Amino acid sequence: MRPDPGGCFCCRRPVRANSCVANGEVRNGYVRSSAAAAAAAAGQIHHVTQNGGLYKRPFNEGFEETPMLVAVLTYVGYGVLTLFGYLRDFLRHWRIEKCHHATEREEQKDFVSLYQDFENFYTRNLYMRIRDNWNRPICSVPGARVDIMERQSHDYNWSFKYTGNVIKDVINMGSYNYLGFARNTGPCQEAAARVLEEYGVGVCSTRQEIGNLDKHEGLEKLVASFLGVEAAMAYGMGFATNSMNIPALVSKGCLILSDELNHASLVLGARLSGATIRVFKHNNMQSLEKLLKDAIVYGQPRTRRPWKKILILVEGIYSMEGSIVRLPEVIALKKKYKAYLYLDEAHSIGALGPTGRGVVDYFGLDPEDVDIMMGTFTKSFGASGGYIGGKKALIDYLRTHSHSAVYATSLSPPVVEQIVTSMKCIMGQDGTTLGKECIQQLAENVRYFRRRLKSMGFIIYGNEDSPVVPLMLYMPAKIGAFGREMLKRNIGVVVVGFPATPIIESRARFCLSAAHTREMLDTALKEIDEVGDLLHLKYSRHRSVPLLDRPFDETTYEETED
Amino acid sequence: MKTEEAIIYSYGFATIASAIPAYSKRGDIVFVDKAACFAIQKGLQASRSDIKLFNHNDMDDLERLLKEQEIEDQKNPRKARVTRRFIIVEGLYMNTGTVCPLPELVKLKYKYKARIFLEESLSFGVLGEHGRGVTEHFGINIDDIDLISANMENSLASIGGFCCGRSFVIDHQRLSGQGYCFSASLPPLLAAAAIEALNIMEENPGIFAVLKEKCKRIHKALQGIPGLKVVGESISPALHLQLEETTGCRERDVKLLQEIVNQCMDRGIALTQARYLEKEEKYLPPPSIRVVVTVEQTEEELEKAASTISEVAQTVLL
């Protein structure tokens, strides 16, 4: 495949980024020097990993470096906490301090201890201090606003009591409600209520035995037409979709190339399959290409025979970083080296792309190029469960060989109805334009929110178009402080720390939704601004380093020279 | 269940498959029954521990393995002090319909210092006076069992699963259970359905006696069928009907059984064959038809079902 040269044909001069608009002409966020443009215009075949012809829109992703002072202070903070942890453990051991946490039974004291001491050190001493920011019980539908039950703790978070009050109408920036389908009124809810009366709640059997309802078959046809693939299959849980189907597709003697920051379900599925796993740097196409080359040249480690299958595991949107996979480049690599691609669109289905069909739609590519498209219904569709889509032969194979089809119960009928109604709404098949409006509203919200946060001076990771917005906090104390301050101001956020993220990169993660109105976003931004000033969170020095560690050479791109 | 704490998962298969790797890691030793269900096998595979299988419901075999392990321990006491030992059993086995001998297991537990994980998917809501499972059935103190895991998809007719036990054990899963931390939670509709089902179970404890009656009845009624033998105890609501003499080839057995199932379906009785992933199971059970009873079926219906199956079996097998 010969990518278009990156020059600008309409004006015949060296391109300046973002200023010269030609229809469908290639543009990336970086400018070319005139020498390179001339060489490009002369019509050479370019290296396939060049950004040049594969991207139809600017791909702006940035991960600002951690400022040195902040990193040092974070380590100091953790060091102090660890020392205090040891002190407290010492006091508890000698009974000077009361021991709140549960202990082993008297009769079983001489058994081998169930947990290693150090495993629980983090939980006892660090997690317990700020535990009230997690597992908050909500008592309403998780839409744009949510009601949270108030809890109090009199013994420093070891136990909670409900005061009986409910904090009402908290702006919800934490639910994966990208298109706003988490509602308790409207057509989806009515359809689900009707099906509930007809079919009941439980299915009590597996897909292969007696649990295959006509609703399931209808859902699978709809999913296949939504994605643009030949066939699809639906499962009861998104996590289980990955961990039970990857072992059915690959086995010993195959190679799995997985991204550094893949989700736990993908990692578990890869481990359970028994194949060899090699990890490439996050979103780094050079690293992936090197691994592919090595795999083909050297084959299996000891026997040097060729690998039976090579499977590349990537995600559409990475939920902790907010970055979007470089799908055009991955597909080009896959075609060149004849590997298979497994794309996990848990967060990106419904949330990206002009028609909401996910990351394939966002880049304008052909869904047939992706061998296995996996996704979940939990995020954009407001239901639960997962699906896999692909060629008919693949799906037929999975129907007989997937662990979930044989041993796990199928989806519950009201949930299936919710998925069907929301999918039809997004596709526009129910006769309204509600789907399109939601998609556009989401895209606008994302752009606005990110732009405002960046201008305030926070460090935000990830791609400009991704609805997942991680705001870096770094220091352990600020994790707790941020969560609590935001709740005081009636905004619910999700804060994440170790072990879901590297130890010094703890963050607050905002998930935007089409249900958020401009006023809600403005209120939220005002509060975030205040809290940011209060806690000194505005670390950004407006110096975005381009995404990768890859070496710069003349043929790829150079920085803007304004 | 009268335990200190419980934790809810959104998928039955994931419940036990996430609970086992949260406690048992590489280097720990797990004693498992050969007839354990697939979810347990996957959980063990994910945990990378040493697996020792003992014959189905054979306590002597288990004791032999435990004794061997003890001898090993004495050779290397420092390592023995850090390897944890677990025994994983099911209350009512899905693959054979038999009950595990829990009192002997508890005795072995204290003698050899291993922890017991009990999987009660089939026996929760079935055994025991109030449906609390096999611990109530045998009258054992529930604190003796370290972890009880069950899925709500059988008796409670909802979706999901739970683990219950002492806080010391269960709280660990809130940060280290993979199916809990890295997955979406149960939709409120299904949780509400399960709550309502539990309330009904608490208010009408009489239904368990009725269910037991029906199980005994169907067990007796299916006894005399020529060509098929009944596998499973009389108190188990899910029995297997296997061919008395196999033709030798698994495929032909499966075809014969499928014939029986199809003809029964034509006459108004819905049955199913028990499905397994033939290549993946460690100890593949022989092909069989699974017969399941519910409380709602009346006695005439049970009689009709038994007689239909017996007629069909006679026509197909003879």
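Everything numeric here is computed off the predicted structure, so don't read it as measured data. Note on naming: letters A, B, ... go to the chains in the order of the sequence lines (proteins, then strands), and numbering restarts at 1 for each one. Hydrogens, waters and symmetry mates are skipped; everything else that's a heavy atom, side chains included, is used.
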Examine whether an atom of [X] lies under 4.5 Å from a heavy atom of chain A, and if so say whether it belongs to the side chain, the backbone or both; otherwise answer neither.
X: B:Ala114; result: backbone
X: B:Leu186; result: neither
X: B:Ala46; result: both
X: B:Thr83; result: backbone
X: B:Val292; result: neither

Select, from B:Met152, B:Arg290, B:Arg174, the one with the greatest count of heavy-atom pairs under 4.5 Å involving chain A.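 Maximum pair count with chain A is reached by B:Arg290.
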Check each atom of [X] against the heavy atoms of chain B and say whether the ones under 4.5 Å are side chain, backbone, both or neither.
X: A:Tyr176; result: neither
X: A:Thr376; result: neither
X: A:Ser175; result: neither
X: A:His403; result: both

Which pair of heavy atoms, one from B:Gly179 and one from A:Met237, lies closest together, and at what distance? O-CE, 3.8 Å
Considering all heavy atoms of both residues, which atom of A:Val201 and which atom of B:Ser158 are nearest to each other, and what is their separation? CG1-CA, 4.4 Å
Option in A:Leu268, A:Asn135, A:Thr409 with maximal non-hydrogen atom pairs under 4.5 Å from chain B: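 Top option by heavy-atom pairs under 4.5 Å: A:Thr409.
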Angle class for the B:Phe13/A:Tyr407 ring planes (parallel below 30°, perpendicular above 60°, tilted otherwise)?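 The arrangement is tilted - the two ring planes meet at 30° to 60°.
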Check whether any side-chain heavy atom of A:Ser243 lies under 4.5 Å from a side-chain heavy atom of B:Phe182, and answer yes or no.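 Contact flag for A:Ser243/B:Phe182 side chains = no.
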Atom pair CG (B:Leu190) and OG (A:Ser384), whose distance is rounded to the nearest 0.5 Å: 6.5 Å
